Structures are given as C-alpha cells and as structure tokens.
Amino acid sequence: MPEIAEARKYYARTHDIDGALQRFPRQMGSERALLSGLKKHPGNWLSAFGCIPRTMRLMFVHSYQSYMWNHAVSHRLQTYGVDKVVEGDLVYREDLQGAANSEGVESPPRSEKVEDISEEVAEEDAEIPDETVDVAREALSKVKYVTAEDVASKKYSIIDVVLPLPGSSVMYPKNSTADVYQELASKDSIDLTKCSHKVKDFSISHMTGGYRRIVQKPKNFDWKVIMYNDVTESLIESDLDVITKVSGEGKEKVPGSVGGGAFKALQLRFSLQTSSYATMAIRELLKTSTSVAFHKTLNEESEK
C-alpha cells in the first residue's frame, strides 16, 4: 500500500515518531506498537520491541524457523532427489519406538536467567503450534537417523523424511542438508545451540523446535476434465452453492461440463495437511509457475 511505504520512508528520513504514527494506518499494529514503544522508551529498541504483542513477536521467530526449513528442503530435494531416502536423513513414523540414536542439539540450561522484554503478563514458553508440525512434541523421540542398512532394506520412503524447525530438542540430518542450517544461521550471527543474548522471545535455542515432512501426499484425490464456453462462469461450487443446494433454496445450475464446449479445464479435488498448500501441489503436478506474471499471460491467452 502506498501510504505504508510513504510512512516508512517518512520515519527513515525524519525520525519523527508522532508524524510517522499519524501516517501509519491503524491496521499496521506492529509498526505502531514499535513506534509507541520508542516514544515511551527513547533509544531503547529492546523495550520498544516489548510493546509489540508477544504472539506477534513469537511469529518473527517462527517465521525464521520456517525460512531455514524451506531452504533446507530445497537443498535436500535438489541434492538427493524426491524418490529415495538417503543415509543421514531423518525419518519419522508413528510405529517407531524411541530412537536409540536421537542425539539432539545441546539444550541451553533451563536455569539460565533470561530476560522477558514483554510489558504484558508473562505466558508459558511459547512453542510452535502442533498444527504446524508433523511430529507432536511428545513423539519427538520417534525421529531417527537413516542408516546404510535402512537404505538397503528400503524400509522408509520419501514420505517418512522430515526436517527440523530449529530448536533445543531437535536433531539435524547427518548429511549436507545440515550445512544449510548452519550457513544461514552463521550469516545472521545466530548460534543454533545456545543463546548469545538473554532475551528469550527472540531466541531459537529457547524453543523446543519441531519437524515437518518434506513431502506430503494428498488425500481424497479426484479429478475430471470439464468443457465449457463462458470464461466468466465459475466451474466449481462455492460454499454458498452447497448450502443453498442442501437447503433446497438453490436455483442456479450446478457448475458442470458442457458437451462440445470451446474451452477445456482440469478440475482437481484433494485434501492436504495443515501448513501444506494447494498452490504448491498444483505447481508440482503441472510443472508450471505459480507467479502472478505467468497467470496474467494465461488470462491474456484465454481472452484472445
């Protein structure tokens, strides 16, 4: 939004807190809280960050964990492929007993004094929500390293491979994928095994961490080809269509294929786990770009 960019430029140029607060829209809560904190604690950026709601501050750390995980997954798939498990991978299956080789990264002493910068009532240690990981905290011990014997026996598949969201209770792969975490952390002057400061809310090492599968298999997959004539007509039922149809109030024709239609569409139906995205599944299936620019060209082609 132009007004947001202008507000940021204004503060960078003038350092006028009151003027910047007047320019930032109300919905920019974090920016306004930070500026209000600087006004209350001049020059004290740590206290100013404490004025941002704690849930939002933790999202900054969670986002950085996801950033590292995304880069690690890209390296793993590009280096070792998507069709096999390799030695040093981490795997998780619910039937695994506590892994004997679960060597976690060194956890910081929990008795170590840490600083809480929040101006709110302190909460319990905030961890990654269970719905965003594939291994519940109580099952972290069921993650194990893949050995040469495991590879030879083909005991595990790519679906079983997980990678960690950095934290104090996770393991890192024993292959080159682990280097991605270390390189990214080193570039940002972060130590993954211990905290270099006393502010818990911005410390990865004071979070448990978690694991996500690098490949998710869609469930309830179904597809069909639809022929149609009107490029402005919806080819799927909306939630309202479904509700009105069930209640008997729906009078509109249910979207469907038109015999001899001039245009052809592929309709896909499937279910994905939380934190998995349909756009990425379609990209991998069709091997096409998900960029806005690419889809604009598709619109232009359909209008010719």
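Only this structure's heavy atoms are used, side chains among them; waters, hydrogens and symmetry mates stay out. The chain is numbered in sequence order, starting from 1. Fair warning: this is a prediction, and the values are worked out from it, not measured in the lab.
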Is the closest side-chain donor-acceptor distance between S176 and D179 under 3.5 Å?
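The criterion, which ignores hydrogens and geometry beyond distance, is not satisfied for D179 and S176.
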Donor on one side chain, acceptor on other, Y172 and T177, under 3.5 Å
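Judged by distance alone, the side chains do not pair up.
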Set out, in order, the CA-CA distance, both residues' side-chain angles and the distance that settles side chain to side chain contact (heavy atoms under 4.5 Å, CB included) for L165 and V170, then state yes or no.
CA-CA 8 Å; L165 291 156; V170 299; over 6 Å; no
Nearest heavy-atom neighbours spanning [X] and [Y]:
X    : Y    : value
V151 : V86  : CG2-C, 3.9 Å
G261 : M227 : O-CE, 3.3 Å
Y64  : L184 : OH-O, 3.5 Å
G260 : N229 : O-OD1, 4.3 Å
L235 : A265 : CD1-CB, 3.6 Å
G37  : A48  : C-CB, 3.8 Å

Say you draw a straight line from [atom1] of [X] to [atom2] of [Y]; how long is it, rounded to the nearest 0.5 Å?
X    : Y    : atom1 : atom2 : result
L21  : E31  : CG    : CD    : 11.0 Å
M68  : S63  : CE    : OG    : 13.5 Å
Y181 : H71  : OH    : NE2   : 11.5 Å
D160 : K144 : CG    : NZ    : 10.5 Å
L285 : F270 : CG    : CZ    : 8.0 Å
Y156 : T147 : OH    : OG1   : 8.0 Å

Can you confirm whether [X] sits close enough to [Y] that some side-chain heavy atom of one is under 4.5 Å from a side-chain heavy atom of the other?
X    : Y    : result
D230 : F263 : no
L266 : L268 : yes
S289 : R283 : no

Going through the distances and angles, do V143 and M171 end up as a side chain to side chain contact (heavy atoms under 4.5 Å, CB included)?
CA-CA 8 Å; V143 174; M171 302 182 292; 3.7 Å; yes
Geometric cation-pi criterion, [X] with [Y]: 6.0 Å, 45°:
X    : Y    : value
K174 : Y145 : yes
R23  : Y10  : yes
R212 : W69  : yes

Please check: side-chain N/O of [X] versus main-chain N/O of [Y], any donor-acceptor pairing under 3.5 Å?
X    : Y    : value
R32  : F24  : yes
S47  : N44  : no
S276 : L272 : no

Atom CE of M280 with >12 non-hydrogen neighbours under 6.0 angstrom
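Result for CE/M280: enclosed.
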ILVMFWY network linking I159 to Y80, side-chain heavy atoms under 4.5 angstrom:
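I159 does not cluster with Y80.
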What class does the angle between the rings of Y11 and H15 fall in, given that below 30° is parallel, 30 to 60° is tilted and above 60° is perpendicular?
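Plane angle over 60°, so perpendicular.
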What salt bridge (Lys or Arg N to Asp or Glu O under 4.0 Å) pairs are there with at least one residue in residues 81-91, not counting sequence neighbours?
R76-D89
Test I158 against I214 for side chain to side chain contact (heavy atoms under 4.5 Å, CB included), laying out the working first.
CA-CA 8 Å; I158 194 69; I214 68 172; 3.9 Å; yes
Could you walk me through whether R269 and Q267 satisfy the side chain to side chain contact (heavy atoms under 4.5 Å, CB included) test, starting with their C-alpha distance in whole Å, then the side-chain angles of each, then the deciding distance to 0.1 Å, before giving a yes or no?
CA-CA 7 Å; R269 294 177 182 270; Q267 185 183 87; 3.5 Å; yes
